[in-house]
Amino acid sequence: MSTEEHAAPTNFIHKIIEEDLAAGKNDGRVHTRFPPEPNGYLHIGHAKSICLNFGLAEAFGGQCNLRFDDTNPVKEEAEFVNSIKEDVKWLGFDWADREFYASDYFPKLYEWAVQLIKDGKAYVEDLSADEIRQYRGTLSEPGKNSPHRDRPVDENLKLFEDMKNGKFPDGAKVLRAKIDMASPNLNFRDPVLYRILHAKHHRTGSDWAIYPMYDWAHGQSDSIEGVTHSICTLEFEDHRPLYDWCLDTLGVYHPRQYEFARLNLTYTVLSKRKLLQLVTEKIVNGWDDPRMPTISGLRRRGFTASAIREFCERIGVAKANSTVDLALLEFCLREELNYSAPRVMAVLKPLKVVLTNYPEDKVENLEAENNPEQPEAGSRTMPFSRELYIEQEDFMEDPPKKFFRLAPGKEVRLKHAYIIKCEEVIKNGSGEITELHCAYIPETKSGEAEAGRKVKGTLHWVSARHAVTAEVRLVDNLFSEIEPDKIEIPGSLNPNSLEVLTDCKLEPSLKGAQPGDRFQFLRMGYFIADAVDSKPGTPIFNRTTPLRDTWAKVKKKG
RNA sequence: UGGGGCGUCGUCAAGUGGCUAAGACACAGGAUUUUGAUUCCUGCAUUCGGAGGUUCGAGUCCUCCCGCCCCAGCCA
């Protein structure tokens, strides 16, 4: 799949760039940027933006910067910048030496603010946050001018410098642009440019007592970096006039901003606030919990970077709010893993089977292909003996019509081995099935005379004596509601999002699985050796995603 | 009821006045299969939020209407 050809990715931004290039804009340069705020971990929604920004640059032979939008020290941390870098890299993108920080531009931004004040286009405000809100007016009523709006330039200059030098406490004053308190666009009603924050910044420490707001920092950062196309999400559409105003007023190079709809995914929460809540309230075990839609969570869960990239390509880029079906992400994953993942056998919920007519101490090493999609992947051998484990759900004492698996008196094929027939069901005192006594049919061994004999079902199995006992974690959606982002957190949490199985029986070859190794457990799904909790010789597996399960659908229908 | 956006199949999404409205996922049938997996066929919008209008011809242009999203942080 990764080598397959795709229809040229086309979206409205791609077209805009083509037109710009045709019109000779920006000297034929294409320069984008991915501008995360380091206040949380990246998630699948960010992946869409990353693929778009880096992808566009790549498609047009341009460049994409990684720029941390770190203008709010109270929320931002170095831990987040590290995770973001790791995730972008893992996704397969390279910003080379263009790792930038809005905080790199604090001196320049300050200088520009002074210029604005000198031009009579900004003033120091004494009103409290509350008063500013009241003066701002409402959606349908214009605001009122602040009593400090016409403060003399010299006074503004002095006050702003005092702000910078930490002479005032947090919240005492702000710097505002002087635009239009009656504008129908609230962003034009004298927006705050700087606020006082005596907080330690992850990079500039306590050098600054004032920090620029997003609107004052973003466009100028784009301008400094020579960005040509500044791509952001829809909620910033209203900010574009202000983005333009800042750049035009300053008379500096003016990149163009374009907005696209952010990603929403069914059964998934993507709002930063809720993701943070899941972590801080310990509903999940950290940002990289395999149930999290974070890049690090998906990675730990076993998703591949290329599957995520493929997904981002398939969902498209447009301006309509939309919610993509989680099934598409899973499809992209399975499409890749079906091709690449080695097949192995693992019994998750074991049921013992004794082959009564098989010699006590005999062991056969049977050949098993590693991947039917890749014959060149070769084969391995698996020990087969008198006592085996099969999956509990592969046996029913009183099966319905279309049950193709094992049942009293019924025959099934053991994959790569023999056809067996169930002859006796052994139960304990409380009536629970403890083991099955079966007969194997020697001439049905794979590759031999009657190997072609037809049976309806084929089961996976593991030799009891040779099995590796291991822990396997069945990961499922964190939420059972289709659009969990629309309600508050405890609401639709899936109580079964994580099922930990500690008595799984794996084929011996799995003992040496390394953290991060991916497999298809035959008939059960795709699994990865957990990168955090696996120990040498005792891997722990996470279920990345189950296989498509037509039988489950048939069962449901009854 | 200010401003900014958006409305094409269950879900994404092409389509920029002219063949029977792409494609993917999902879904439903069928074939092959020592994974009820994969693969392979087949089906799945007489219709583009609605109503008018322009035009030989409209999802595409015009008018009006309806619905949904975003904005009143010293967050981004």
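Just so you know, these numbers come straight off a predicted model, no measurement behind them. So you know, we letter chains A, B, ... as the sequences are listed, proteins then strands, and number each from 1.
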Q. What distance, rounded to whole Å, do you find between the two C1' atoms, one in B:U11 and one in B:G53?
A. 34 Å

Q: Take A:Phe521 and A:Tyr526 through the test ring pair (Phe, Tyr, Trp, His ring centres under 6.0 Å) and record every step on the way to the result.
A: CA-CA 6 Å; A:Phe521 287 2; A:Tyr526 296 99; 9.8 Å; no

(Q) Only pairs with both distances under 3.5 Å count, Watson-Crick or wobble alike; so what is the partner of B:C40 in this structure? (A) B:G30

(Q) Determine whether A:Arg262 and A:Glu235 satisfy the following criterion, salt bridge (charged side-chain N to carboxylate O under 4.0 Å, His left out), listing intermediate values before the conclusion. (A) CA-CA 9 Å; A:Arg262 62 171 354 125; A:Glu235 67 271 28; 2.9 Å; yes

Q) How is A:Phe403 classified with respect to the nucleic acid when contacts are heavy atoms under 4.0 Å: base, sugar-phosphate, or nothing? A) base

Q) What interatomic distance, in whole Å, is found between C1' of B:A26 and the corresponding atom of B:A13? A) 14 Å

Q. Over how many whole Å does the gap from A:Arg314 atom CZ to B:G23 atom C1' extend?
A. 10 Å

Q | Donor-acceptor pair, side chain of A:His201 and main chain of A:Asp70, under 3.5 angstrom | A | yes

Q) Rounded to whole angstrom units, what separation is found between the CD1 atom of A:Ile441 and the C1' atom of B:U34? A) 14 Å

Q. Over how many whole Å does the gap from A:Leu414 atom CG to B:U35 atom P extend?
A. 13 Å

Q. How are the rings of A:Tyr440 and A:Phe384 set to each other: parallel, tilted or perpendicular (split at 30° and 60°)?
A. tilted

Q: State the pairing partner of B:A24; accept Watson-Crick or G-U wobble contacts with both distances under 3.5 Å, and report none otherwise.
A: B:U11

Q: Would you tell me whether A:Tyr41 and A:Glu79 have side-chain atoms, one donor and one acceptor, within less than 3.5 Å of each other?
A: yes

(Q) Consider side-chain hydrogen bond (donor to acceptor under 3.5 Å, both in side chains). Of A:Arg413, A:Glu443, A:Glu364, which one does A:Tyr418 pass it with? (A) A:Glu364

Q: Could you check whether A:Arg334 gets within reach of a base, just the sugar-phosphate, or nothing at all, counting any heavy atom under 4.0 Å?
A: nothing

Q) Would a distance-only check, ignoring hydrogens and angles, find a side-chain to backbone donor-acceptor pair under 3.5 Å from A:Trp461 to A:Lys415? A) yes

Q: Provide the Watson-Crick or G-U wobble partner of B:C75, both distances under 3.5 Å; none if there is no partner.
A: none

Q. Can we call the ring centroids of A:Phe160 and A:Tyr110 under 6.0 Å apart?
A. yes

Q) Atom CD of A:Gln257 and atom C1' of B:G4: how far apart are they, to the nearest Å? A) 12 Å

**Q.** Whole-Å gap separating C1' (B:G36) and NZ (A:Lys454)
**A.** 15 Å

Q: Take A:Phe68 and A:Phe80 through the test ring pair (Phe, Tyr, Trp, His ring centres under 6.0 Å) and record every step on the way to the result.
A: CA-CA 10 Å; A:Phe68 291 95; A:Phe80 297 132; over 10 Å; no

Q. Expressed in angstrom and rounded to an integer, what is the separation of A:Ile315 atom CD1 from B:U11 atom C1'?
A. 12 Å

(Q) Base, sugar-phosphate or nothing for A:Arg189? Non-hydrogen atoms, less than 4.0 Å. (A) nothing

(Q) Rounded to whole Å, how long is the line connecting atom CD of A:Glu335 with atom P of B:A37? (A) 17 Å

Q. Using atom C1' of each nucleotide, how far apart are B:U20 and B:U47 to the nearest Å?
A. 12 Å

Q.
Mind checking if A:Lys402 touches a base, just sugar-phosphate, or nothing, with heavy atoms under 4.0 Å?
A. base

Q: Indicate yes or no for a side-chain donor-acceptor contact from A:Asn371 to the backbone of A:Pro342 under 3.5 Å, with no hydrogens or angles considered.
A: no

List the atom pairs, with distances to 0.1 Å, where a side-chain N or O of residues 322-331 of chain A and a protein N or O form a donor-acceptor pair under 3.5 Å, not counting sequence neighbours.
{"residue": "A:Thr323", "atom": "OG1", "partner": "A:Glu483", "partner atom": "OE2", "Å": "3.2"}
{"residue": "A:Asp325", "atom": "OD1", "partner": "A:Ala327", "partner atom": "N", "Å": "3.0"}

**Q.** Interatomic distance, A:Asn371 CG vs B:U33 P [rounded to whole Å]
**A.** 20 Å

Q.
Can you check the distance between B:G2 and B:G43, where both ends of the measurement are the C1' atom (answer in whole Å)?
A. 50 Å

Q.
Show, in sequence, the C-alpha distance, side-chain angles and deciding distance for A:Arg149 and A:Glu125, and conclude whether the salt bridge (charged side-chain N to carboxylate O under 4.0 Å, His left out) test is met.
A. CA-CA 7 Å; A:Arg149 198 171 201 260; A:Glu125 173 67 272; over 6 Å; no

Q | Separation between the P atoms of B:A22 and B:G59, rounded to whole Å | A | 13 Å

Q) If the C1' atom of B:C48 is compared with that of B:C12, how far apart are they to the nearest Å? A) 16 Å

Q) Of the candidate nucleotides B:U35, B:C27, B:G36, which contains the atom at the shortest distance from the side chain of A:Lys553? A) B:C27

**Q.** Upstream residue (5' side of RNA chain B) when A:Thr266 and A:Lys456 are each assigned their closest nucleotide
**A.** A:Thr266

Q) Counting just side-chain N and O atoms, does A:Thr550 come under 4.0 Å of either OP1 or OP2 of B:A37? A) yes

Q) Does anything in residues 317-331 of chain A reach RNA chain B, meaning a heavy atom under 4.0 Å, and if so which residues? A) A:Val317, A:Ala318, A:Lys319, A:Ala320, A:Asn321, A:Ser322, A:Thr323, A:Val324, A:Asp325, A:Ala327, A:Leu328, A:Phe331

Q) Heavy atoms under 4.0 Å, any strand shown: does A:Gln520 hit a base, just sugar-phosphate, or nothing? A) base

Q: Any chance you could list the contact pattern along nucleotides 70-76 of chain B? Use B for base contacts, S for sugar-phosphate-only contacts and - for none, protein heavy atoms under 4.0 Å, 5' to 3'.
A: BBBSBBB

Q. Counting only distance, no hydrogens or angles, is the base of B:U34 paired donor-acceptor with the side chain of A:Arg413 under 3.5 Å?
A. yes

(Q) Whether A:Arg548 contacts B:U38 is assessed here as follows: a side-chain N or O lying under 4.0 Å from the phosphate OP1 or OP2. Is that the case? (A) yes

Q: Write down the distance separating the P atoms in B:U46 and B:A51, rounded off to the nearest Å.
A: 14 Å

Q) Expressed as a whole number of Å, how far does the P atom of B:C6 sit from that of B:C62? A) 14 Å

(Q) For B:G73, does the O4'-C1'-N9-C4 or O4'-C1'-N1-C2 angle fall within 90° of 0, making it syn, or is it anti? (A) syn

Q | Partner nucleotide, any strand, of B:C68 [Watson-Crick/G-U, under 3.5 Å] | A | B:G5

Q: Identify the nucleotide, in any strand shown, that forms a Watson-Crick or G-U wobble pair with B:A58, with both distances under 3.5 Å; if there is none, say none.
A: none

Q. Hey, is the side chain of A:Ser446 pairing donor to acceptor with the base of B:U34 inside 3.5 Å?
A. yes

